[in-house]
Amino acid sequence: MLTFIKNISSLCTLSSGNPIARRGDEMQNITEIKNGAIIFNEKIEFVGTTEEAQKRIVEKQLKIDKTIDATGKTIIPGFCDSHTHIVFAGDRSDEFARRLRGVTYKEIAEEGGGILHTMKATRKASLEELVQAGKKLALSAMKYGTTSIEIKSGYSLTTEGELNQLRAIKQLKKELPLNIRSTFMGAHDFPPEYKNNREKYVDLIINEMIPAVAEEKLADYCDAFIDEGYYTLDEAEKIFEAAKKYGMKIRTHSDEMADVGAAGFSADIGAVSADHLLFASDKSIVKMAKSDIVATMMPATAYFIRMPYAPARKMIKAGCCVALASDCNPGSSFTENMQLVLSLAVINMKMTAEESLTAATLNGAKAMNLSEVTGSLAPGKQADFIIANVNSYVDIFYHFGINHVDEVWIKGKNIVKNTSEFSI
Ligand code: NIG
Ligand code: FE
């Protein structure tokens, strides 16, 4: 069942160079093929020029079931959004309207709103309600080109509630074609019941939540919000030690509100990814550059809560493996649109188009331990890609604020179809 897409005006494969992740200068290499072609079933069989593909079809007597002409189109790997909180209940549009009138995100959190607002609604939600809420955002993310996504719990902060969120993510894994990774984040905030007894809540995470999550095999990762006013390095370390014993890998929310040394700590403990990094220190950046960790930045968060952007140029110059993600959540970044994230990255974090594409595809996959199977268009990897209705990948950035996705293919199947068709 081979499909052959030919005459692709701009095919960005990221297929030459390191197949697993790119750091520093290597992020500039996206391997663009003009008049490209791709042959695939569930996995990619061949990428190259149309001429080379036609030769190969004859030589190897490949049986092509479907041929698609992609003249005037661009193909890039599907977006790998490695940081989201899309399974939640409730509505924080009132808080957003207040922020527009001048109240800050921090002030709302200190009043007991913010994460705790979503917590109250999420605790009350049924499994089915959470599945439907997550599905709506996941489908929308796919329309904008996302093919792999990480989803966290962390809006219940009770054992049963966290399990409920993670079971909803498990259900999404069953129902959707997306590549999905799940993360347990009981350490997203301290629930009001434990506000004056943090130690007891950390104990609950370690002794009750983590074993229960592991028992049902609900999480690939454990995450904690390590920041001023949230979890300390010591608390995070204890939680992560327990999570590792149960086979979970580690990822962190690091230095989003202030520099607490969380990014460097994350590199030291072998975390897969340190995320946010708005205030990451030079020392932490050097530690990240010297380790295998992915430094994940989420410019839509800085934009949405009016914070300074993370120092992307500094990290790339230092040689970090940089990824871009949406952080889609109801408080600090309510967008599932990775094209918007790319726009913000090139203009406000001064990343190049090529670096941004690498960060949102191959390096995002690496941040989910998925880059052996997806994130670039190379033989043997899954056929996960976007057909964009533009002549060149540069146009995705140049013509900004619109959805360029025409089609999305995941594991060789056309999941999102012809978004540019009208019945006029
Ligand atoms: O990643 N930083 C912590 N958590 C989320 C915000 C969650 C919320 O406001 O609901 C974030 O930005
Ligand atoms: Fe987050």
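Just follow the structure's listing: the first ligand is 1, and inside any ligand the first atom is 1. Source: prediction; values computed, not measured. Residues: numbered from 1 along the sequence shown.
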| Gap separating the OG1 atom of Thr3 from the CZ atom of Phe40, nearest 0.5 angstrom |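 Result: 4.5 Å between the selected atoms.
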
| query | Mind checking whether Thr118 has an N or O less than 3.5 Å away from an N or O of ligand 1? | reply |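 No; the residue has no nitrogen or oxygen that sits under 3.5 Å from a nitrogen or oxygen of the ligand.
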
| query | ligand 1 and Thr301, any nitrogen or oxygen pair closer than 3.5 angstrom? | reply |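 Thr301 vs ligand 1: no N/O contact under 3.5 Å.
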
| Does any N or O in the side chain of Asn337 come within less than 3.5 Å of the main-chain N or O of Leu340, such that one atom is a donor and the other an acceptor? |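 Such a contact is found between Asn337 side chain and Leu340 backbone.
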
| Under 30°, 30 to 60°, or over 60°: which ring-plane class applies to His404 and His399, parallel, tilted or perpendicular? |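 The arrangement is perpendicular - the two ring planes meet at more than 60°.
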
| request: Report the residue from Thr252, Asp255, Asp275 that forms a side chain to side chain donor-acceptor pair (under 3.5 Å) with Ser266. | output: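 The single option meeting the side chain to side chain donor-acceptor pair (under 3.5 Å) with Ser266 is Thr252.
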
Close-contact set for ligand 1 against [X] heavy atoms, below 4.0 Å:
| X | answer |
| --- | --- |
| His276 | 1 (O), 2 (N), 11 (C), 12 (O) |
| Asp327 | 1 (O), 11 (C), 12 (O) |
| His83 | 1 (O) |
| Tyr105 | 6 (C), 7 (C), 8 (C), 9 (O) |
| Ser332 | 5 (C), 6 (C), 9 (O), 11 (C), 12 (O) |
| Tyr155 | 7 (C), 8 (C), 10 (O) |

| query | Of the protein's non-hydrogen atoms, which lies at the shortest distance from atom 3 (C) of ligand 1, and what is that distance? | reply |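 Residue, atom and distance for the closest contact: Phe225 CE2, 3.2 Å.
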
| message | Can you check the angle at the Fe ion (ligand 2) formed by NE2 of His85 and OD1 of Asp327? Round it to the nearest 10°. | response |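 With the Fe ion (ligand 2) as the vertex, NE2 (His85) and OD1 (Asp327) sit 90° apart.
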
| request: Select the closest option to atom 4 (N) of ligand 1 among His253, Met307, His188, judged by heavy-atom distance. | output: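 Closest candidate by heavy-atom distance is His188.
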
| task | Measure Met298 to ligand 1 on non-hydrogen atoms and call it side chain, backbone, both or neither using the 4.0 Å cut-off. | result |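 No part of Met298 is near ligand 1 at this cut-off.
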
| said: Taking 2.8 Å as the cut-off, does His276 contribute an N, O or S atom near the Fe ion (ligand 2), distance below it? | reply: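 So His276 does not bind the Fe ion (ligand 2) by this criterion.
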
| request: Would you mind reporting whether Arg99 and Ile305 have side-chain heavy atoms less than 4.5 Å apart? | output: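 Answer yes - side chains close enough.
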
| request: Using a strict 4.0 Å threshold on nitrogen-to-oxygen distance, state whether Glu193 and Lys200 make a salt bridge. | output: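 No.
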
| query | Crowded around Lys283 NZ? As in, over 12 foreign heavy atoms under 6.0 Å? | reply |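 It does not: Lys283 NZ has 12 such atoms or fewer within range.
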
